[in-house]
Amino acid sequence: MHFQLTEDQRALRDGTRELLAGRFGRDRLRAAVGDPALDRALWRELGAAGFFALRLPEEAGGVGLGLPEAVLVFEEAGRALLPGPLVACQLLAGAVDGVASGEKIVGLCEGEREPVLWEHPADCDELILVEGGAGRSAHGSGGEAGGAQGRMGGAYRSATDRVACAPFASVDPLTPLAQVTDLPRTGPLALDAPRLRREATLLTAAQQLGSAARTVEMAVRHAREREQFGAPVGSFQAVKHLCAQMLVRAEIARSAVYAASVTESVLDVTVAKLLADEAAVDNARDCLQVHGGMGFTWEADVHLHLKRAWLRAARWEVAREAEELLAADLIA
């Protein structure tokens with residue numbers, strides 16, 4: 001089996017990076033820190049580029065690609081710190097009208113997690129609650145893998161004006177949050193809850209991978225440019241070791257995320273999320289150390305990667321859950 005990217009996959013990755021660099025560069029990123037409202041024009045442009053309809057069949061107006069290609073696209077989104085409920089819109093593009101084209105924005109909440117958090121509540125046109133599907137065995141790959149809770153999982157849609165919520169402080173200035181206190185389950189959706197959770201976990205891991213890779217680039221660039229005692233700080237052994245450790249973390253996470261996108265097994269996705277979370281958080285911390293005092297400043301972008309990594313690490317499969325699942329598999 002070959003795990004190198006194909007020419008088409010490289011073109012998809014490069015095209016996504018070019019699109020995001022042109023439409024959501026550093027100036028737009030910094031502007032979004034002060035005003036995190038989503039840009040509807042950008043959202044529609046992402047829809048026109050096939051960002052959300054990437055895995056829909058061509059006969060349904062989609063691009064007809066698979067999960068490995070979606071992982072590449074979400075890796076680039078994580079690298080650019082692109083805000084918004086991207087995972088929700090990608091997964092629900094075939095279930096909610098208008099999402100695939102970018103005309104409608106939907107949020108996705110986990111019903112079993114406390115508190116139930118809703119990203120970008122002011123920008124969403126609908127909110128989808130997914131319940132069940134979390135009681136999974138580490139074996140198997142689809143919705144049929146794992147227990148009564150997984151089989152009974154479901155998803156429900158609700159208009160935003162019918163959702164009761166309370167303010168919730170977000171660590172990430174680019175991701176406003178609200179705590180859902182009551183959501184009427186009025187519109188059931190025929191979705192495979194275990195599969196939805198598994199793919200949401202993997203696409204979130206892909207975003208973490210992109211952030212981890214980006215902070216490696218930021219640290220190495222700064223280490224080459226910043227001088228102390230008449231030499232680049234990158235020539236000092238301690239800084240070299242930090243950058244090398246960052247690269248190792250990112251590449252290990254990349255191997256796990258890419259492999260999970262091919263196998264789609266619960267266990268592989270769990271490992272991918274665990275390693276990607278670790279790479280994103282620890283790389284952002286080390287990148288901050290390489291930058292020294294300026295890394296702590298608001299003007300630098302390092303803290304934005306760290307805060308987004310913290311936020312994503314608390315979504316879908318968190319480290320504690322992943323470790324318990326992996327331990328249970330070892331014991332079984």
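Heads up: numbering here begins at 1 and tracks the sequence. On a predicted model such as this, the values are computed, not experimentally measured, just so you know.
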Salt bridge between E199 and R55, side-chain N to carboxylate O under 4.0 Å?
yes
Do you know which two heavy atoms are closest between A279 and A253, and how far apart they sit?
CB-CB, 4.0 Å
Judged by atom type as modelled, is there a donor-acceptor pair below 3.5 Å linking the side chain of R157 to the main-chain atoms of L127?
no
Interatomic distance, CG@L12 vs CD@E76, rounded to 0.5 Å, equals 9.0 Å
D97/K104 salt bridge by N-O under 4.0 Å criterion:
no
Single-linkage hydrophobic cluster V130~V269, side-chain heavy atoms < 4.5 angstrom:
yes
Option passing side chain to side chain donor-acceptor pair (under 3.5 Å) with R79 (candidates E217, Q207, H305)
E217
Take atom CD in E7; do more than 12 heavy atoms of anything else shown fall under 6.0 Å from it?
no
Taking the side chain as C-beta and beyond, is there a heavy-atom pair between H120 and P85 under 4.5 Å?
yes
Determine whether L202 and L67 make a side-chain contact, defined as any pair of heavy atoms from C-beta on separated by less than 4.5 Å.
yes
Is S235 reaching over with its side chain to a backbone N or O of A231, donor-acceptor style, under 3.5 angstrom?
no
Verify same cluster id: V271, V248 (apolar side-chain graph, 4.5 Å)
yes
pair T270-L275: side-chain heavy atoms closer than 4.5 Å:
no
Smallest separation among heavy atoms of L209 and A250, with atom names:
CD1-O, 3.5 Å
If you define the side chain from C-beta out and look only at heavy atoms, does anything of E69 sit under 4.5 Å from L54?
yes
Are L38 and L29 joined in one hydrophobic group, where the rule is that I, L, V, M, F, W and Y side chains link up if heavy atoms are under 4.5 Å apart?
yes
Test item: D268 side-chain N/O and A260 main-chain N/O as donor-acceptor pair under 3.5 Å
no
Nearest heavy-atom pair of C287 and A219: which atoms, and what distance?
SG-N, 3.9 Å
E18/R13 under salt bridge (Lys or Arg N to Asp or Glu O under 4.0 Å): CA gap, chis, key distance, verdict:
CA-CA 9 Å; E18 183 179 350; R13 179 197 61 192; over 6 Å; no
If you apply the rule salt bridge (Lys or Arg N to Asp or Glu O under 4.0 Å), what do you find for R23 with E45, and how did you get there?
CA-CA 9 Å; R23 294 291 282 110; E45 189 169 344; 2.5 Å; yes
More than 12 heavy atoms of other residues, nucleotides or ligands under 6.0 Å from CZ of R162: yes or no?
no
So, for C89 and V106, which heavy atoms are closest and what is the spacing to 0.1 Å?
SG-N, 3.7 Å
Between the side chains of R40 and D123, is the shortest nitrogen-to-carboxylate-oxygen separation below 4.0 Å, so that they form an ion pair?
no
What distance separates L242 CG from D286 CG, expressed to the nearest 0.5 Å?
5.0 Å
F51 vs F74 aromatic rings, parallel, tilted or perpendicular, using cut-offs 30° and 60°?
tilted
Between F168 and W118, does the ring centroid distance fall short of 6.0 Å?
no
Close side-chain approach of Q179 and V116, heavy atoms under 4.5 Å
no
Tell me, with the steps shown, if E317 and T204 meet side chain to side chain contact (heavy atoms under 4.5 Å, CB included).
CA-CA 9 Å; E317 204 156 74; T204 302; over 6 Å; no
Smallest separation among heavy atoms of P36 and P173, with atom names:
CB-O, 3.6 Å
Approximate separation, where rounding is to 0.5 Å, of W316 CH2 and K273 NZ:
10.5 Å
Contact between Q90 and V73 at the side-chain level, heavy atoms closer than 4.5 Å - yes or no?
no
Please say yes or no: joined through hydrophobic side-chain contacts below 4.5 Å, possibly via intermediate residues, are I105 and L174 part of one cluster?
yes
Indicate, with yes or no, if L129 and V163 share a hydrophobic cluster defined by side-chain heavy-atom contacts under 4.5 Å among Ile, Leu, Val, Met, Phe, Trp and Tyr.
yes
Only one of R308, R315, R312, K307 forms a salt bridge (Lys or Arg N to Asp or Glu O under 4.0 Å) with D172, so which one is it?
R308
To the nearest 0.5 Å, what is the distance between CD1 (I128) and CG (L191)?
8.0 Å
Rounded to the nearest 0.5 Å, the CG atom of L306 sits from the OG1 atom of T215 at a distance of 9.5 Å
Find the distance between CZ (R44) and CD (E103) and round it off to the nearest 0.5 Å.
5.5 Å
Atom CZ of residue position R26 - does it have more than 12 heavy atoms of other residues, nucleotides or ligands inside 6.0 Å?
yes
CA sep, side-chain torsions, deciding dist, call: D301, R30, side chain to side chain contact (heavy atoms under 4.5 Å, CB included)
CA-CA 8 Å; D301 294 340; R30 300 305 301 198; 2.6 Å; yes
Closest approach of P232 to A223 (non-hydrogen atoms, all atoms of both residues)
CB-O, 3.6 Å
Would you confirm whether R198, through its side chain, and E264, through its main-chain N or O, come within 3.5 Å as a donor-acceptor pair?
yes
Between D14 and R17, is a salt bridge (Lys or Arg N to Asp or Glu O under 4.0 Å) present by the stated rule, with each step listed?
CA-CA 5 Å; D14 295 344; R17 183 175 299 187; 5.6 Å; no
Do R113 and V318 come close enough that some side-chain heavy atom pair is under 4.5 Å?
yes
